[in-house]
Amino acid sequence: MRSQAVKGTYDVLPDATPTWRYLRSTIERTLGRAGVREIVPPIFEHSEIFDKSVGESADLVVQKEMYRFEDRGGRSLTLRPEFTAGVLRAYVEHGMHTLPSPVKLWSLGPAFRAENVQRGRYRQFHQVNCEILGSPGPLVDAEAIALLHDLLVALGLPDLRVALGSVGDPEDRDAYNAYLREALEPRKHELSETSQERLRLNPMRVLDSKNEQDQAIVAELDAPLDRLGDAARAHLDGVAQYLSDWGIAFDLAPSIVRGLDYYRRTAFEIHAEGIGAQSALAGGGRYDGLVESLGGPPTPGIGWAMGVERVLDALEGAGKLPGPDAGPNVFLVPMDETAIDEAARLARDLRSDLHVQHAYVKRNPGKGLRDADRAGARYAALRGERERAAGVWTLKHLASGEQREVPESELRTAVLED
RNA sequence: GUGGGUGUAGCUCAGGGGUUAGAGCACCGGAUUGUGGUUCCGGGGGCCGUGGGUUCAAAUCCCAUCACCCACCCCA
């Protein structure tokens, strides 16, 4: 029996849950006001769903990092490593393409990847996810980015850096990959091992290398943005124009690439300063064609995912975490055995509209007031033989120290006065 | 998968072969038998991560293992 959480998982303790409620309520407000509706897909799906979306075309490591298991019926199931596939499966399954377009959906919840842990990276981690489906134009791309930006701002994060790029249309990618192969093949042996492997499988991803020498070599080449086709270029310009019009600062990122084939055109990330090696708070992109590959009608879409742990990390660094929950309106202190039951009964009654706690054992006034103080109560109400005889509770306002005797029937009103 | 660091009380950490393992915070009690926060006094709490080894003797040294942290790698 190991009473220890599984590696890469962690408990959100009561002191931290207010932060998560703050996150959720900010999402509900910010995205809800833009007509984005919440969707809650299951946390596991038939494995094919993820194979279709992320697995088949992607690096082996992506496959390896999925939590996959067989259920008793012999079905292969996979814990979601990201939200998009499940959300789109639900979109297809429930015929949501018949809803007024675009369909805008958000989710918040856990996702799972069997990777090594470090600051801001867990095996059960959490994402805020947002998808906008049904519109091919740059306007929804800009809206998606703006929503993400506005959400982070609403949460209280300063110093955001929006990086906007494009992976082009499929034919642009083919052309660019061919260009990379041609340009890099002669110098192949100067590249790192990983990059050589990528050159073979998916040349664009060489640009992702953090190896210094790789970077030096890559720096001499044209970036994907330099070689976009006219359509993709116009699309990118459109997105950039909207962002400029809306006053959202961004940098053009010539070399943002994606490991997965289904991405096309818009790709973006948002970074924050000062949270260690994992500075990307969120990222997303356009994935026209993915819905179709999941068995739905051809449907353009764009989406993003925000890493909750990293955002909370950044919020903490910025001193923007919400304070603890408010304490009780009143804390009842029984000062003899009879008063214990009286306190419990009164608490139940007052709880119809007040936050009420009480001691479960007989307390003298000193201990009882200390209990009330530690619970963060506004008032303490004491009950002993004397109070019982008079049908009252001794009500003390803890901050001021003022106290008076209040008939039990008037306690609710008295507590609400301040 | 790789490298480095750290595992001692609920928490943060001291102690680096030799009595009965310590501090601060937290918790409980008392000073105060019907009045909190401050203060003072006292108390309960420990397989010193786990397993093996060296030694007369191991929290301390060695090996292994597990966990956590940081970074690399990777990142849908």
Side-chain angles (χ1 to χ4, degrees), chain A residues 2-10 13 15 49-66 78 80-88 111-123 125 127 129 192-195 197-198 202 205 208-212 214 257-263 267 269 275-280 282-285 287 290 303-305 307 310 331 333-336 339 359 361-387 394-403 405:
Chain A
R2 286 201 296 177
S3 49
Q4 182 172 50
V6 172
K7 181 185 182 72
T9 70
Y10 64 97
L13 297 175
D15 281 349
I49 298 291
F50 298 115
D51 291 340
K52 281 256 161 36
S53 66
V54 302
E56 277 172 357
S57 59
D59 301 38
L60 285 177
V61 63
V62 168
Q63 282 282 11
K64 227 170 58 182
E65 291 187 347
M66 287 200 258
T78 297
R80 65 180 175 212
E82 55 143 10
F83 280 72
T84 302
V87 171
L88 296 200
F112 306 84
R113 296 179 194 178
E115 53 187 356
N116 277 328
V117 300
Q118 61 177 292
R119 183 173 180 187
R121 297 181 73 170
Y122 302 87
R123 291 183 174 174
F125 60 102
Q127 288 188 333
N129 187 262
S192 69
E193 212 172 301
T194 321
S195 290
E197 180 75 357
R198 286 171 169 177
N202 189 354
R205 300 217 49 231
D208 261 347
S209 174
K210 293 186 182 93
N211 180 289
E212 267 182 44
D214 291 356
V257 300
R258 288 282 121 98
L260 303 179
D261 281 351
Y262 62 71
Y263 280 107
E269 292 173 357
I275 56 168
Q278 312 297 325
S279 71
Y287 46 74
L290 181 54
W304 50 257
R310 293 187 195 175
F331 189 100
V333 179
M335 295 191 291
D336 60 25
V361 295
K362 185 176 74 174
R363 293 302 249 170
N364 64 37
K367 290 285 183 286
L369 287 167
R370 195 176 61 175
D371 291 345
D373 197 52
R374 289 182 183 181
R378 176 173 290 278
Y379 283 97
L382 297 84
R383 177 82 158 186
E385 216 171 309
R386 276 192 345 228
E387 286 82 0
T394 296
L395 185 66
K396 179 162 188 164
H397 186 254
L398 289 169
S400 66
E402 287 169 24
Q403 75 176 42
E405 294 190 342

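In what follows, chains carry the letters A, B, and so on, assigned in the order in which the sequence lines appear, proteins first and then strands, with residues in each chain numbered from 1. Bear in mind the structure is a predicted one, so any value in this text is a computation, not a measurement.
- Partners of A/Ala282 under the side chain to side chain contact (heavy atoms under 4.5 Å, CB included) rule, at least two apart in sequence or in another chain, are A/Leu148, A/Met306.
- Side-chain N/O atoms of A/Glu387 and base N/O atoms of B/G34 include a donor-acceptor pair closer than 3.5 Å.
- Under the rule for a side chain to side chain contact (heavy atoms under 4.5 Å, CB included), the partners of A/Ala339 that lie at least two apart in sequence or sit in another chain are A/Pro334, A/Asp336, A/Glu342, A/Arg383, A/Arg388.
- For B/C74, the base has a donor-acceptor partner in the side chain of A/Arg121 [N/O atoms by modelled type, under 3.5 angstrom].
- A sub-4.0 Å separation between OP1 or OP2 of B/C70 and a side-chain N or O of A/Gln118 is absent.
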Taking only nitrogen or oxygen atoms into account, show me every contact under 3.5 Å that the protein makes with nucleotides 7-9 of chain B, one pair per line with its distance.
none

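- Evaluation of the salt bridge (charged side-chain N to carboxylate O under 4.0 Å, His left out) rule for A/Glu387 yields no partner, not counting sequence neighbours.
- Classified by its glycosidic torsion, B/G30 falls in the anti category, the angle being over 90° from 0.
- Taking atom CZ of A/Phe331 as the reference point, atom P of B/G37 lies 15 Å away to the nearest angstrom.
- The residue A/Thr394 sits close to a base: some heavy atom pair falls under 4.0 Å.
- Rounded to a whole Å, the CZ atom of A/Arg123 is 9 Å from the P atom of B/G1.
- For RNA chain B, if you chain together Watson-Crick or G-U pairs that step i with j, i+1 with j-1 and so on, the runs of at least three with distances under 3.5 Å are B:1-7 with B:66-72, B:10-13 with B:22-25, B:27-31 with B:39-43, B:49-53 with B:61-65.
- More than 12 heavy atoms of other residues, nucleotides or ligands lie within 6.0 Å of CD in A/Glu405, so this atom counts as buried by the packing criterion.
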Counting primed atoms, P, OP1 and OP2 as sugar-phosphate and everything else as base, the B/S/- map of nucleotides 25-30 of chain B against protein heavy atoms under 4.0 Å is --SSSS
